[in-house]
A.B. asks: 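Dropping the structure in here first, questions after.
Below, all heavy atoms of this structure are taken into account, side chains as well, without hydrogens, waters or symmetry copies. Throughout, numbering of the chain's residues begins at 1 and tracks the sequence. The model shown is predicted, which means the values in this text are computed figures rather than measured ones.
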Amino acid sequence: MNKNRFFTILPALLAVLTADAALTLKDAGGWLETAWAEWYALPGVKAYNAYVDNPATGEWIKLDDELVRSYGDYGRVDAPGLKEGNYNIRIVPVVDGVEDESQSCVAEELDVRAHDRTGYAHFGRPASGLYEGVGGYKNDGTLKDDAIVLYVSAENAKTISVSWNYSPTSVKTYTGLYGVIEGYRKCLANGGMKRPLVIRLIGTVTADDMDKLRFGQGLDIKGETEYSEMPFTFEGIGNDAAIYGFGVQFSQVTGAEMRNIAVMLCKDDAVEVNKHNSHLWIHNLDIFYGQVGSDADQVKGDGAIDIKYSSYCTVAYNHFFDNGKCCLIDPSKSYGSETPADYLTYHHNWFDHADSRLPRCRHGKAFHVYNNYYDGNGEYGVGLASNACAFVEGNYFRNCRYPVINSGQGTDKNLVDAKTSKKGLLSGEDGGVCKFWDNHVEGAKSFITQKDSYGSNLYDAYLVDSRDEVIPESVKALKAELVKTPTTYSNFDTTPGMIYACQPDDPATVPATVTGVYGAGRCQKGDFAWKFDNATEDANTNVIAELKNALTDYRSSRQPAFTGVISGIEEISAEPDAEAPCYDILGRRVVPATRGIVIRHGKKYIIR
């Protein structure tokens with residue numbers, strides 16, 4: 001069972017660790033709507049139960065068995081779904097099927113923060129009910145009512161099986177991770193159920209572990225029709241959840257979420273938001289090199305997080321490790337009959353020596369790029385092309401070669417792309433307009449605003465004197481072949497109803513916030529650590545062989561699951577208090593006549 005959490009940017013408070021008798025804590029902490037604890041394994045003990053307290057009632061709530069994992073000489077448990085607050089976790093050894101309280105230990109005062117739900121993904125979403133916020137969790141971080149929770153690992157990615165109501169009158173069985181997600185889509189579309197779904201990833205799942213991949217490349221999270229509501233969260237548990245050798249594609253989905261997962265050596269994009277999606281929240285991912293693509297500029301893989309013809313999405317708190325082409329918006333100069341991508345937010349991402357497209361804005365009139373950490377980028381940061389409008393504020397640019405590139409004007413006007421030999425880094429596209437406010441820029445090779453003496457409209461960005469300044473219509477993109485009227489700024493950020501409430505952080509605090517405990521990337525910054533040498537890597541756009549080899553050699557240290565974890569079960573055919581509320585092992589209320597393992601008065605029973 002689970003609860004929920006909240007986020008801020010202060011350093012984590014040290015957890016007070018206490019231990020009784022032989023069980024000793026290794027480490028513990030709070031994160032974003034999650035608390036976790038690790039302990040040294042006891043000789044001969046193969047099972048442990050773990051509990052998290054409810055701060056409001058003081059009640060100890062048993063955590064799902066799948067959350068209790070072995071890493072050889074130590075164990076770990078994570079408690080996802082917590083509201084913001086301080087929590088305690090208790091670990092109890094299970095010996096011969098019985099809890100040994102004398103050897104238990106407690107991790108105390110674990111500081112749990114809330115996720116930052118600022119951005120277009122949450123803009124205009126319901127505040128309660130099935131479609132509250134985004135994903136399978138409520139806005140307070142707790143699981144939505146009647147949510148289905150499934151655990152997927154390398155051991156069961158092919159075999160996990162569910163039987164769901166396909167329609168009001170029929171039940172169908174779906175098998176495998178891909179098959180289960182596909183089945184969820186069909187059950188939603190056919191009216192068999194309207195329930196949130198949370199799939200929790202345990203450890204590493206490789207392409208070979210999967211039951212199926214779309215075109216051999218990715219996990220397809222797809223709605224039955226355009227913009228289908230899907231209250232779905234795909235999340236990693238702990239600091240080592242990863243998909244390896246494939247990526248994820250969203251198509252025709254509204255209201256879904258992906259978080260706390262590493263994507264390693266994917267075949268195409270790490271995450272592709274394909275056509276006709278809205279209100280997607282992609283956050284706290286670690287994104288590494290993809291496999292070498294067919295084009296010359298794909299030696300680090302194709303894309304990291306690409307968004308095509310979709311709107312109202314948030315890309316936040318992700319850690320990009322030396323990716324080549326990070327965040328493309330729409331794939332071509334002309335979007336034809338498709339509605340262009342628009343109303344997108346990029347905030348608190350760590351572009352850690354990533355090269356370009358941070359993001360590359362096309363077509364849309366409302367792109368908000370704020371509080372990102374540009375950390376040694378060999379090509380460019382924000383790209384403006386194809387009549388796009390972007391508000392870039394509160395970012396920290398450290399040795400980003402070109403903080404803003406605007407196609408056909410300013411810095412880009414006389415550049416030549418060394419990889420394609422074409423004039424301009426943005427390949428001769430139309431330009432756009434960038435509003436630039438309160439950013440820190442250091443170490444840039446070139447950055448031009450209208451306040452520099454380079455002539456009319458020859459600047460990269462329009463530097464404003466206040467956050468709420470309205471840019472006049474006289475400010476236009478210099479190059480505009482695809483439209484008869486040159487692009488002017490939409491002023492979406494100062495127009496009521498076009499943007500959410502937002503108070504960006506002081507850019508001076510951004511590096512510490514983004515790289516901190518509650519910042520970008522996975523829980524505890526993930527289990528794969530890599531520190532770049534700024535002296536050699538800030539300007540380098542080539543593959544780092546050592547990093548690529550380390551990813552190729554990566555293996556999770558997770559061991560087979562603990563066994564015999566369930567305790568306190570009494571084999572009875574009937575329970576004396578048969579009228580007491582009855583729950584299944586996921587904490588869902590069930591009818592008293594339910595057979596199998598049920599919970600009454602906090603105890604487990606086998607009902608035959």
Side-chain angles (χ1 to χ4, degrees), residues 247 263 266 268-274 282 285 287-290 293 295-310 313-316 318-333 335 340-342 344-347 349-364 367-370 372-390 392 395 397 399-408 411-412 415 417-420 422 424-432 434 444 460-461 520 539-543:
V263 186
C266 58
D268 191 15
D269 294 337
V271 179
E272 180 182 287
V273 177
N274 208 307
I282 302 165
L285 305 182
I287 300 183
F288 298 94
Y289 289 152
D295 294 338
D297 60 354
Q298 295 178 343
V299 293
K300 297 181 180 181
D302 189 1
I305 300 177
D306 287 358
I307 298 180
K308 304 173 182 178
Y309 314 125
S310 300
C313 301
T314 299
V315 177
N318 300 294
H319 189 175
F320 297 88
F321 288 80
D322 195 43
N323 302 95
K325 301 188 298 179
C326 280
C327 300
L328 173 66
I329 301 171
D330 285 341
S332 63
K333 293 181 181 180
Y335 50 87
D342 212 349
L344 305 180
T345 304
Y346 295 80
H347 72 96
N349 296 289
W350 185 359
F351 296 117
D352 195 354
H353 295 81
D355 298 336
S356 65
R357 300 185 178 180
L358 314 174
R360 183 167 177 165
C361 304
R362 281 186 167 119
H363 307 307
F367 300 132
H368 191 197
V369 182
Y370 76 93
N372 299 285
Y373 182 25
Y374 294 83
D375 186 10
N377 312 113
E379 290 190 17
Y380 68 89
V382 182
L384 272 292
S386 296
N387 317 301
C389 297
V392 178
N395 300 283
F397 294 90
N399 286 3
C400 177
R401 187 177 181 87
Y402 306 121
V404 177
I405 285 287
N406 197 336
S407 185
T411 296
D412 189 60
L415 292 176
D417 190 332
K419 295 179 180 178
T420 65
K422 294 181 179 179
L425 291 185
L426 301 188
S427 305
E429 296 178 50
D430 289 355
C434 174
D460 305 320
N540 179 33
T541 60
N542 297 318
V543 172

A.B. asks: Any donor-acceptor pair under 3.5 Å linking the side chain of Asp412 with the backbone of Gly424?
C.D. replies: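 Not a single qualifying donor-acceptor pair exists.
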
A.B. asks: Under the 3.5 angstrom rule, does the side chain of Asp322 hit a backbone N or O of Val543 as a donor-acceptor pair?
C.D. replies: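 Checking the backbone N and O of Val543 against the side chain of Asp322, no donor-acceptor pair under 3.5 Å is found.
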
A.B. asks: I'd like to know if Lys325 pairs up with Asp302 as an ion pair, taking the criterion as any Lys NZ or Arg NE/NH1/NH2 lying under 4.0 Å from an Asp or Glu carboxylate oxygen.
C.D. replies: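 Yes, this pair counts.
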
A.B. asks: Rounded at 0.5 Å granularity, tell me how far CZ in Phe288 sits from NE2 in His319.
C.D. replies: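 With rounding to 0.5 Å, CZ (Phe288) is 7.5 Å from NE2 (His319).
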
A.B. asks: Between Asp460 and Thr411, is there a side-chain donor-acceptor contact under 3.5 Å, judged purely by atom types and distance?
C.D. replies: yes

A.B. asks: Taking side chain as C-beta onward, heavy atoms only, is Asp342 less than 4.5 Å from Phe367?
C.D. replies: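 The answer is yes, as the side chains (C-beta and beyond) meet within the 4.5 Å cut-off.
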
A.B. asks: Could you state the interatomic distance from CG (Asn395) to OH (Tyr373), rounded to the nearest 0.5 Å?
C.D. replies: 12.5 Å

A.B. asks: Are the side chain of Lys308 and the backbone of Leu328 linked by a donor-acceptor contact shorter than 3.5 Å?
C.D. replies: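 Absent.
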
A.B. asks: Using atom types as modelled and distance alone, determine if a side-chain donor or acceptor of Asn406 lies under 3.5 Å from a backbone N or O of Gly432.
C.D. replies: yes

A.B. asks: Heavy atoms only: give me the nearest Ser332-His363 pair and the separation to one decimal.
C.D. replies: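 Closest heavy-atom pair between Ser332 and His363: O-NE2, 3.0 Å.
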
A.B. asks: Atom CG in Asp355, atom CG in Asn377: separation rounded to 0.5 Å?
C.D. replies: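 Reported value, rounded in 0.5 Å steps: 8.0 Å.
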
A.B. asks: Hey, what do you get for CG (Leu384) to CG (Asp430), rounding to the nearest 0.5 Å?
C.D. replies: 12.0 Å

A.B. asks: So how far is it from Ile329 CD1 to Ser310 OG, rounded to the nearest 0.5 Å?
C.D. replies: 11.0 Å

A.B. asks: Over all heavy atoms of both residues, which pair between Asn542 and Asn540 is shortest? Give the atoms and the distance, please.
C.D. replies: N-OD1, 3.0 Å

A.B. asks: Report yes or no: does Asn318 contribute a side-chain atom to a donor-acceptor pair with the main-chain N or O of Asn349 at less than 3.5 Å?
C.D. replies: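 It does not hold such a pair.
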
A.B. asks: Where do Val382 and Cys361 come nearest, in terms of heavy atoms and distance?
C.D. replies: CG1-SG, 4.2 Å

A.B. asks: Check for a donor-acceptor pair, side chain of Ser407 on one end and backbone N or O of Glu429 on the other, with a separation under 3.5 Å.
C.D. replies: yes

A.B. asks: Closest heavy-atom contact between Ala270 and Ile287?
C.D. replies: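 Between these two residues, the closest heavy atoms are CB-CG2, 3.7 Å.
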
A.B. asks: Do His353 and Asp375 have side chains that approach each other closer than 4.5 Å (heavy atoms only, starting at C-beta)?
C.D. replies: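 A side-chain contact under 4.5 Å exists here.
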
A.B. asks: Dump the intermediate steps for side chain to side chain contact (heavy atoms under 4.5 Å, CB included) on Thr345 and Tyr370, then the final yes or no.
C.D. replies: CA-CA 8 Å; Thr345 304; Tyr370 76 93; 3.8 Å; yes

A.B. asks: Please give me the minimum heavy-atom distance between Tyr335 and Pro340, naming the atom from each residue.
C.D. replies: CE1-CD, 3.6 Å

A.B. asks: Are the side chains of Cys327 and Ile307 in touch, meaning some heavy atoms are under 4.5 Å apart?
C.D. replies: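 The answer is no; the side chains never approach within 4.5 Å.
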
A.B. asks: Kindly compute the distance separating CG (Leu358) from CD (Glu379), expressed to the nearest 0.5 Å.
C.D. replies: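 CD of Glu379 is found 9.5 Å from CG of Leu358.
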
A.B. asks: Contact between Tyr380 and Leu426 at the side-chain level, heavy atoms closer than 4.5 Å - yes or no?
C.D. replies: yes

A.B. asks: Locate the shortest heavy-atom distance separating Cys266 from Gly247; write the atom from each residue and the value.
C.D. replies: CB-N, 3.9 Å

A.B. asks: Before giving the answer on side chain to side chain contact (heavy atoms under 4.5 Å, CB included), spell out for His368 and His347 the whole-Å C-alpha distance, their side-chain angles and the decisive distance to 0.1 Å.
C.D. replies: CA-CA 8 Å; His368 191 197; His347 72 96; over 6 Å; no

A.B. asks: Do Val315 and Val273 come close enough that some side-chain heavy atom pair is under 4.5 Å?
C.D. replies: no

A.B. asks: If we ignore hydrogens and angles and just use 3.5 Å, is the side chain of Asp330 paired with the main-chain N or O of Ala341 as donor and acceptor?
C.D. replies: yes

A.B. asks: Can you say whether the rings of Phe351 and Tyr374 are parallel (under 30°), tilted (30 to 60°) or perpendicular (over 60°)?
C.D. replies: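 Judged by the thresholds at 30° and 60°, the geometry between Phe351 and Tyr374 is tilted.
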
A.B. asks: Out of Val369, Asn372, Leu344, Ile305, which one pairs with Pro359 under the side chain to side chain contact (heavy atoms under 4.5 Å, CB included) rule?
C.D. replies: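 So, applying the side chain to side chain contact (heavy atoms under 4.5 Å, CB included) to Pro359 and each of Val369, Asn372, Leu344, Ile305, only Val369 qualifies.
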
